[in-house]
Amino acid sequence: MTLDSIRVRFAPSPTGYLHVGGARTALFNWLFARQSGGKFLLRIEDTDRERSSDEHTQVIRDGLTWLGLDWDEDIVFQGAGIERHQGLADDLLAQGHAYEDDGAVRFRMPHEEIAWEDAVGGHISFQGSDIQDWIILRSDRTPTYNFTVVADDADMRISHVIRGADHISNTPKQIAVFRALGQEPPVFAHVPMIHGQDGRKLSKRHGATAVGDYQNLGILPQALRNFLALLGWNPKDEREVFADINELIQAFSLADVQRKSAIFDLAKLEWMNGQYLSQTPVDQLLPLVEPEMKRLGLDPASVPHDKLIKAIDINRERARTTMDIAERAAVRLDASFIKQDDEKAKNLIAKDPDGFYSSLEATHQLLSGLNHSAWEPGRLENELRGLAESLGLGPGKIFQPIRVAITGTTVSEGIHILLDVVGREESLARIKSVLDGRT
RNA sequence: GCCCCCAUCGUCUAGCGGUAAGGACACCACUCUUUCAAGGUGGUGACAGGGGUUCGACUCCCCUUGGGGGCGCCA
């Protein structure tokens with residue numbers, strides 16, 4: 001087979017969302033095609049009219065596009081081939097490969113061994129006699145899935161069928177049809193399934209299972225793509241983060257795809273997303289964070305642009321999702337986004353209320369004495385250090401109350417940076433408000 | 001019930017007859033620091049069980065157990 005005759009396809013049914021398992025299957029197909037210089041085709045399995053719709057198809061296209069998986073040639077809609085499918089079924093009927101049964105057309109399974117060399121799973125073998133004759137044309141003349149798949153894969157000259165392992169037991173049926181049709185079956189590659197934390201097939205009850213869910217969570221497409229590639233495949237060296245997609249394309253190999261199903265680990269995805277986040281410059285992050293801020297209820301256009309940029313940049317390295325960044329930025333830009341229920345913050349106060357408030361009081365006095373020109377990170381740091389020293393306190397005793405007063409949490413960037421980002425008036429107002437609110 | 005696939009740390013994995021069983025996430029400790037996070041360093045942690053084959057098995061074979069998938073006029 002010449003390289004340019006390599007043709008693979010991703011064939012989802014348009015059920016309303018793009019499952020991450022499907023997305024990974026698409027990714028493996030795409031990587032294989034791009035690496036070999038072959039074609040990656042998209043076919044929509046829309047034969048089940050009641051469950052299909054144009055919007056559902058659009059969701060799949062959007063998901064693939066978001067992930068950067070571009071397809072070649074026109075999208076094939078399976079439903080469009082119904083007459084050809086019927087004709088093929090009639091041929092099989094005429095040749096004795098199928099027979100009529102209650103008005104439907106049933107395929108006659110040959111009673112012989114049906115085996116293939118799976119590009120992932122190795123040698124796999126079934127006995128045809130273990131598989132019942134099955135319907136290829138319903139009594140209303142509509143073709144069934146396992147039959148249309150073969151007809152379309154043959155028609156599209158698919159060379160490699162890369163799909164989920166849940167199709168393994170369909171494969172002997174499909175091989176038998178290829179043979180009855182006088183066609184050479186393609187190479188099959190069955191990639192393992194993705195499971196949820198409970199070890200079961202990843203489904204809606206596991207929470208986020210659609211590509212769009214992760215998009216909403218604030219995951220970057222490059223990160224999801226990288227994570228998915230590593231679920232069931234590895235490059236045989238210690239590489240984990242592939243900053244350049246071409247590196248991934250070159251490294252990919254079907255032979256190195258795992259045969260064991262994998263459990264989807266959200267923590268690792270978030271870690272990987274954090275890796276990408278800290279590598280992404282602010283100007284590229286801005287268009288992703290802005291919509292998240294709007295969803296939180298803060299209009300990014302209502303705050304000074306340089307302040308917005310600073311608030312995002314400061315939190316880029318610490319955050320794991322763009323949602324994280326949006327939340328942290330919002331807190332720095334608008335006091336109404338400060339959360340009042342942070343356990344660690346409440347504990348800090350409760351542990352030593354007098355120390356907390358007196359330190360904050362001293363801080364307020366000091367800071368309100370600084371004018372605008374003095375309000376810059378270096379100066380702030382010096383002043384606050386000096387204060388701690390003169391009070392005979394560890395610096396943490398001074399800084400942590402400020403952090404809590406300004407962000408509502410015990411976690412943030414360096415305190416002088418934080419004060420600078422939030423600004424003089426706002427910082428003082430937040431500290432004052434905490435002092436006034438003492439109960 | 002029948003058929004098929006699978007089995008290394010909690011999770012993702014490397015290993016392809018002789019290794020102190022390696023890496024990553026998570027976790028813990030230490031460090032850095034101004035707190036937290038991030039970063040850095042280190043640590044806890046695995047070959048499901050039983051038979052073979054072999055001088056020698058995580059690696060090969062068989063059985064058991066466990067897990068998954070499939071057995072529709074669904075896709």
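Side chains are part of it too, since the values below use all heavy atoms of this structure and drop only hydrogens, waters and symmetry mates. Chain letters run A, B, ... following the sequence lines, proteins first and then strands; every chain starts at 1. What you see is a predicted model, and the numbers here were worked out from it, not measured in a lab.
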Heavy-atom closest pair, residues A/Val149 and A/Gln78: N-NE2, 3.8 Å
Residues which pass salt bridge (Lys or Arg N to Asp or Glu O under 4.0 Å) with A/Lys173, listed by chain and number, not counting sequence neighbours: none
Enumerate the salt bridge (charged side-chain N to carboxylate O under 4.0 Å, His left out) contacts for residues 245-265 of chain A, please, sequence neighbours excluded, ordered by first and then second residue. A/Lys236-A/Asp256, A/Arg239-A/Glu247
Provide the full list of salt bridge (charged side-chain N to carboxylate O under 4.0 Å, His left out) pairs with a residue in residues 92-111 of chain A, sequence neighbours left out, each pair given once. A/Asp101-A/Arg106
Which donor-acceptor pairs under 3.5 Å do the side chains of residues 323-331 of chain A make with protein atoms, sequence neighbours left out?
| residue | atom | partner | partner atom | Å |
| --- | --- | --- | --- | --- |
| A/Asp324 | OD2 | A/Arg320 | N | 2.9 |
| A/Asp324 | OD2 | A/Thr321 | N | 3.4 |

What's the gap between B/C32 and B/A38 when it is taken at their C1' atoms, as a whole Å value? 11 Å
Could you please name the partner base of B/C28, counting Watson-Crick and G-U wobble pairs only when both distances are under 3.5 Å? B/G42
Between B/C2 and B/U64, how far apart are the P atoms? Round to whole Å, please. 12 Å
How close or far is atom C1' of B/A75 from atom CZ of A/Phe10, stated in whole angstroms? 13 Å
Take the protein atom CG of A/Asp237 and the nucleotide atom P of B/A24, then report the distance between them rounded to whole Å. 13 Å
Using the P atom as the point on both nucleotides, what is the distance between B/C30 and B/G69, in whole Å? 43 Å
Integer angstrom distance from the P of B/U41 to that of B/C60: 35 Å
Does B/G18 have a Watson-Crick or wobble partner in any strand here, with both distances under 3.5 angstrom, and which is it? B/C55
Using atom CZ of A/Phe188 as one end and atom P of B/G70 as the other, report the distance to the nearest whole Å. 18 Å
Across all chains, not counting sequence neighbours, the salt bridge (Lys or Arg N to Asp or Glu O under 4.0 Å) partners of A/Glu343 are A/Lys346
Counting only Watson-Crick pairs (N1-N3 plus N6-O4 or O6-N4) and G-U wobbles (N1-O2, O6-N3), all under 3.5 Å, who is the partner of B/C47? none
As a quick check of understanding, evaluate salt bridge (Lys or Arg N to Asp or Glu O under 4.0 Å) for A/Glu413 and A/Arg332, giving each step before the final call. CA-CA 11 Å; A/Glu413 58 273 34; A/Arg332 281 145 187 80; 2.8 Å; yes
Pick the C1' atom in B/G66 and in B/U8, then give their distance to the nearest Å. 15 Å
Whole-Å gap separating C1' (B/U33) and CD (A/Glu381): 10 Å
Could you tell me how far B/A24 sits from B/G39 if I compare only their P atoms? Round to whole Å. 12 Å
If a pair satisfies salt bridge (charged side-chain N to carboxylate O under 4.0 Å, His left out) and one of its residues is in residues 117-146 of chain A, list it, with sequence neighbours excluded. A/Asp90-A/Arg141
Out of B/G69, B/C73, B/A37, minimum distance to the side chain of A/Asp166 belongs to B/G69
What's A/Asp140 touching, base or sugar-phosphate or nothing? Going by heavy atoms closer than 4.0 Å. nothing
Can you tell me the Watson-Crick or wobble partner of B/C9, both distances under 3.5 angstrom? none
A/Phe356 CZ to B/U35 P, straight-line distance once rounded to whole Å: 17 Å
Pairwise C1' distance for B/G23 and B/G43, with rounding to whole Å: 15 Å
Counting only side-chain heavy atoms from C-beta out, which of B/A75, B/G22, B/A26 sits nearest to A/Ala267? B/A26
Would you mind pulling out the nucleotide paired to B/A75, Watson-Crick or G-U wobble, both distances under 3.5 Å? none
Nearest to the side chain of A/Arg138, which nucleotide is it out of B/C74, B/C5, B/G72? B/C74
Within this structure, what is the CG-to-P distance between A/Asp352 and B/U35, rounded to whole angstrom? 17 Å
With a 6.0 Å cut-off (strictly less than), is the heavy-atom count around CZ of A/Arg157, excluding the residue itself, greater than 12? no
Output one letter per nucleotide in nucleotides 9-15 of chain B: B when a protein non-hydrogen atom lies under 4.0 Å from the base, S when only the sugar-phosphate is that close, - when neither is. --SBSSS
Extract from the structure each pairing of a protein N or O with an N or O of nucleotides 38-40 of chain B at less than 3.5 Å, listing the distance.
none

Would you indicate what A/Thr171 reaches in the nucleic acid, counting non-hydrogen atoms under 4.0 angstrom: base, sugar-phosphate, or nothing? nothing
Hey, could you give me each pair passing salt bridge (charged side-chain N to carboxylate O under 4.0 Å, His left out) that has a residue in residues 8-30 of chain A? Not counting sequence neighbours. A/Arg9-A/Asp153
Proximity to the side chain of A/Ser139 - top-ranked nucleotide from B/G22, B/C73, B/C4: B/C73
Mind listing the residues from residues 397-409 of chain A sitting with a heavy atom below 4.0 Å of RNA chain B? Number order is fine. A/Phe399, A/Gln400, A/Arg403
Taking the nucleotide of RNA chain B with the nearest heavy atom to each, does A/Ala104 or A/Gln127 sit closer to the 5' end? A/Gln127
When the C1' atoms of B/C5 and B/G18 are compared, how many Å lie between them, rounded to an integer? 31 Å
Only counting residues at least two apart or in another chain, list the ones meeting salt bridge (Lys or Arg N to Asp or Glu O under 4.0 Å) with A/Asp313. A/Arg316
Residue met sooner reading RNA chain B from 5', once A/Met193 and A/His167 are mapped to nucleotides: A/Met193
Side-chain N,O (A/Arg259) to OP1/OP2 (B/C5) below 4.0 Å: no
I'd like to know whether NZ of A/Lys307 has more than 12 heavy-atom contacts from other residues, nucleotides or ligands below 6.0 angstrom. yes
Does A/Arg318 have any salt bridge (Lys or Arg N to Asp or Glu O under 4.0 Å) partners at least two apart in sequence or in another chain, and if so, which? none
I'd like to know whether the aromatic ring centres of A/Phe227 and A/Phe264 sit less than 6.0 Å apart in this structure. yes
A/Phe227 CZ - B/C25 P separation (whole Å): 13 Å
I need the NE2-P distance between A/His85 and B/A75, as an integer number of Å. 12 Å
Would you classify A/His190 as touching base, sugar-phosphate or nothing, given that sugar-phosphate means primed atoms plus P, OP1 and OP2, and contacts are heavy atoms under 4.0 Å? nothing
